[in-house]
Novice: 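Quick one: the structure is below, questions incoming.
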Amino acid sequence: MSADEYDNNDSRDQDLPDSGHHLSEEEVERALASFEAEFNEGQNQADQPVDHSGSGVDDEAGLDSAPADESSAKPDGADGVAADFDQELEGLIGNRAKAAVMVTRLASAELLAAFCQISDISAYCIQAREGAVAVLRNLDGDGPEAAIRDLTTVVSGLSAILAVNRADKLEVTLWISGQSGQTLAPPILFAATADFVEDLMIGTTTVDRLRQDGAAIFDSGEYNREKAMGIIASHTRFGAGGSTRKGRVE
């Protein structure tokens, strides 16, 4: 817009009230020049390409660089979740026990853990006034039955009760000399054992929680055969807690 055009536009507004201040031709030219410079600067900035690098927006290169292996895109712990699901499913259909314990009349959980070690049984053994209890780790298939069979075979004369929860069905059986015998009603077992036995079997407590509550727990996996035999010798020779009821280790 030229100064003449500006003057013509101004003349069309001559009916407007006079503000009392009139710009000189030089002031008008300077104002137009300043406006034009600012306008051109804004246009130049608008025409500059926008740099999206580092903006976090994926471009074609970013998309192409995504891992081709879908397994690498899995969230952390996905395999662990799948394993937990598989175990839960096995428990629901009964192929894997939800819980299994061996209940004895041994006064010492440490002695029971030693017996488990020499019998190749993986278990947490918990001290209880009513008798030491072994919480079995191998819950697959007939793992619980194999464990108590081995225990009552290796430790001759030792009887024990096996309680197993499969698919929310409790089975309680007396074992002696590697043979299963009388079956018992779960309430009879729970009435004669420590309260935590029932809690373990129905899933309202865990070994870790019992440990936090101060229970004395011995892990058979922490012993080797030499240490286990030493524990057995100390209990049977001097009678310092625990008894196999004149049983012997074979």
Novice: Nearest 0.5 Å, what's the CG-CD1 distance between L136 and I148?
Specialist: 8.0 Å

Novice: L184 versus T173: any side-chain heavy-atom pair under 4.5 Å?
Specialist: no

Novice: Which heavy atom in L200 sits nearest to a heavy atom in A99, and how many Å separate them?
Specialist: O-CB, 3.7 Å

Novice: Taking all heavy atoms of S177 and all of T153, pick out the closest pair and write down the distance.
Specialist: C-OG1, 4.3 Å

Novice: Let me confirm one number: the CG-CZ distance from D219 to R211, rounded to the nearest 0.5 Å.
Specialist: 7.5 Å

Novice: Tell me whether Q127 contacts the main-chain N or O of A109 through its side chain, where contact means a donor paired with an acceptor under 3.5 Å.
Specialist: yes

Novice: May I ask you to check whether over 12 heavy atoms, not counting those of D195, lie within 6.0 Å of atom CG?
Specialist: no

Novice: So, the side chain of S220 versus the backbone of A123: is there a donor-acceptor pair under 3.5 Å, distance only?
Specialist: yes

Novice: Working to the nearest 0.5 Å, report the span between CD1 of I231 and OH of Y223.
Specialist: 4.0 Å

Novice: Provide the closest heavy-atom pair for P186 versus L170 in the form atom of the first, atom of the second, distance.
Specialist: CG-CB, 3.8 Å

Novice: At their closest point, which heavy atom of L151 faces which heavy atom of C116, and how far apart are they?
Specialist: CD1-N, 4.4 Å

Novice: Please examine the side chains of M102 and I161, heavy atoms only from C-beta on, and report whether any two atoms are closer than 4.5 Å.
Specialist: no

Novice: Is I121 reachable from W175 through a run of hydrophobic residues whose side-chain heavy atoms are each under 4.5 Å from the next?
Specialist: yes

Novice: Does R209 use its side chain to pair, donor to acceptor, with the backbone of T204 at less than 3.5 Å?
Specialist: yes

Novice: Side chain to side chain contact (heavy atoms under 4.5 Å, CB included) for T104 and V133? Distances and angles first, verdict last.
Specialist: CA-CA 6 Å; T104 73; V133 176; over 6 Å; no

Novice: If two hydrophobic side chains count as joined below 4.5 Å and joins carry through other members, does F196 share a cluster with F190?
Specialist: yes

Novice: One pair to check against side chain to side chain contact (heavy atoms under 4.5 Å, CB included): L106 and L158. What are the steps and the verdict?
Specialist: CA-CA 9 Å; L106 293 174; L158 176 66; 4.3 Å; yes

Novice: I'd like to know if the side chain of T152 and the backbone of G178 have a donor-acceptor N/O pair within less than 3.5 Å.
Specialist: yes

Novice: Just wondering, do N95 and D140 contact through their side chains at under 4.5 Å, heavy atoms?
Specialist: no

Novice: Write down the atom of I217, the atom of V207, and the distance for their closest heavy-atom approach.
Specialist: CD1-O, 3.7 Å

Novice: Could you check H235 against S108 for side chain to side chain contact (heavy atoms under 4.5 Å, CB included), going step by step and ending with a plain yes or no?
Specialist: CA-CA 9 Å; H235 282 277; S108 170; 3.4 Å; yes

Novice: Check E110 with K227, please: is the shortest side-chain N to carboxylate O separation under 4.0 Å?
Specialist: no

Novice: Taking it one step at a time, do V197 and E130 satisfy side chain to side chain contact (heavy atoms under 4.5 Å, CB included)?
Specialist: CA-CA 11 Å; V197 173; E130 297 83 355; over 6 Å; no

Novice: Using 0.5 Å steps for rounding, measure from the CD atom of E171 to the OG1 atom of T183.
Specialist: 9.0 Å

Novice: Could you check whether any side-chain heavy atom of M229 comes within less than 4.5 Å of a side-chain heavy atom of I118, counting everything from C-beta outward?
Specialist: yes

Novice: Which pair of non-hydrogen atoms, one from L189 and one from A163, has the smallest distance, and what is that distance?
Specialist: CD2-CB, 3.7 Å

Novice: What distance do L210 atom CG and I126 atom CD1 have between them, rounded to the nearest 0.5 Å?
Specialist: 5.0 Å

Novice: Please report the interatomic distance CG(L111) to CZ(F218), rounded to the nearest 0.5 Å.
Specialist: 10.5 Å

Novice: Give the intermediate values and the outcome of side-chain hydrogen bond (donor to acceptor under 3.5 Å, both in side chains) for residues R137 and Y124.
Specialist: CA-CA 8 Å; R137 288 196 185 96; Y124 292 111; 3.3 Å; yes

Novice: Is there a path of hydrophobic side-chain contacts, each under 4.5 Å between heavy atoms, that joins L162 and V135?
Specialist: no

Novice: Is R166 reaching over with its side chain to a backbone N or O of G141, donor-acceptor style, under 3.5 angstrom?
Specialist: yes

Novice: Are V101 and L174 linked, directly or through intermediate hydrophobic residues, by side-chain heavy-atom contacts shorter than 4.5 Å (ILVMFWY only)?
Specialist: yes

